[in-house]
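Structure first, then comments.
What you see below is based on every heavy atom in this structure, not just the backbone, and it leaves out hydrogens, waters and symmetry mates.
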Amino acid sequence: MYISTGILFILWSMPFCSSTSSSFRMVSLNYLARWCMTIFGFVSIAYGLFKNNFKSDNSQGLICPVCEKSFSPGIFRTPKNKLCPNCKIKLEPIEGFYDRHPELKEDTNEKSKQK
């Protein structure tokens with residue numbers, strides 16, 4: 001989708017063709033606006049090609065192995081240093097956490113049975 005949007009913006013802006021004019025909502029675009037559209041088109045194409053590289057490695061969320069506090073994916077929700085603010089332990093990915101720590105899975109089942 002990003003690649004097709006970028007191609008559309010580049011073709012629509014026609015930056016190299018000075019004899020034609022592009023318009024938006026019946027208003028002719030000046031030379032600077034056409035080049036801005038072209039740059040946006042190139043950025044959109046680059047993002048479409050390399051978007052997997054822009055994704056963070058904590059896109060599935062993180063969890064503390066000691067206190068089992070989970071952190072949602074996102075820039076502002078996960079600590080930058082990837083350490084639990086309470087335990088100061090390195091956070092682990094949520095995916096497969098209880099497969100790596102089966103003893104914690106049994107503890108959570110016992111806690112839920114006691115309540």
Side-chain angles (χ1 to χ4, degrees):
M1 174 165 164
Y2 295 104
I3 296 172
S4 60
T5 302
I7 292 171
L8 176 72
F9 267 84
I10 292 170
L11 292 176
W12 183 20
S13 65
M14 295 182 276
F16 302 111
C17 210
S18 60
S19 61
T20 61
S21 66
S22 298
S23 62
F24 178 74
R25 293 188 179 182
M26 305 301 274
V27 176
S28 182
L29 298 174
N30 64 8
Y31 195 66
L32 178 65
R34 289 168 48 186
W35 273 103
C36 288
M37 286 174 61
T38 303
I39 292 170
F40 177 78
F42 282 122
V43 169
S44 180
I45 290 171
Y47 181 76
L49 291 174
F50 302 110
K51 70 180 173 182
N52 291 336
N53 295 341
F54 294 130
K55 290 182 181 177
S56 64
D57 57 350
N58 63 346
S59 60
Q60 77 272 3
L62 299 171
I63 188 168
C64 175
V66 176
C67 66
E68 297 184 45
K69 181 178 179 183
S70 62
F71 296 90
S72 301
I75 297 171
F76 300 111
R77 298 182 191 130
T78 304
K80 288 183 181 179
N81 57 5
K82 296 188 180 176
L83 295 176
C84 178
N86 302 331
C87 309
K88 306 298 185 218
I89 302 288
K90 186 176 178 182
L91 300 174
E92 295 185 19
I94 287 179
E95 187 175 318
F97 176 74
Y98 288 110
D99 295 334
R100 293 188 301 273
H101 302 283
E103 68 279 0
L104 296 176
K105 186 176 184 180
E106 294 171 2
D107 290 343
T108 57
N109 288 340
E110 290 174 8
K111 288 178 186 176
S112 64
K113 288 178 183 177
Q114 291 175 356
K115 291 183 180 181

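Contacts of Cys67 classified as side chain to side chain contact (heavy atoms under 4.5 Å, CB included), with partners at least two apart in sequence or in another chain: Cys64, Lys69, Cys84, Cys87. When the side chain to side chain contact (heavy atoms under 4.5 Å, CB included) test is applied to Pro65, the partners found at least two apart in sequence or on another chain are Ile89, Glu92, Phe97, His101. With sequence neighbours left out, the side chain to side chain contact (heavy atoms under 4.5 Å, CB included) criterion links Ser44 to Tyr2, Thr5. Residues meeting the salt bridge (Lys or Arg N to Asp or Glu O under 4.0 Å) test with Glu95, sequence neighbours left out: none. Partners of Phe40 according to the ring pair (Phe, Tyr, Trp, His ring centres under 6.0 Å) rule, which considers only residues two or more places apart in sequence or in another chain, are Phe9.
To the nearest 0.5 angstrom, Leu83 atom CG is 6.5 Å from Leu91 atom CG. Atoms CG and NZ, on Leu62 and Lys90 in that order, are 10.0 Å from each other to the nearest 0.5 Å.
By the criterion of side-chain heavy atoms lying less than 4.5 angstrom apart, applied directly or through intervening Ile, Leu, Val, Met, Phe, Trp or Tyr residues, Leu11 is grouped together with Leu49 in one hydrophobic cluster. Residue Val66 is not grouped with residue Ile63 when hydrophobic side chains (ILVMFWY) are merged at heavy-atom distances under 4.5 angstrom, including chains of intermediate members.
Ile10 and Thr38 get closest at one heavy-atom pair: CG1-O, 3.9 Å.
Residues Glu103 and Tyr98 bring no donor and acceptor atom of their side chains to less than 3.5 Å of each other.
Cluster note: Ile39 groups with Val43 through ILVMFWY side-chain heavy atoms spaced under 4.5 Å, whether in direct contact or through intervening members.
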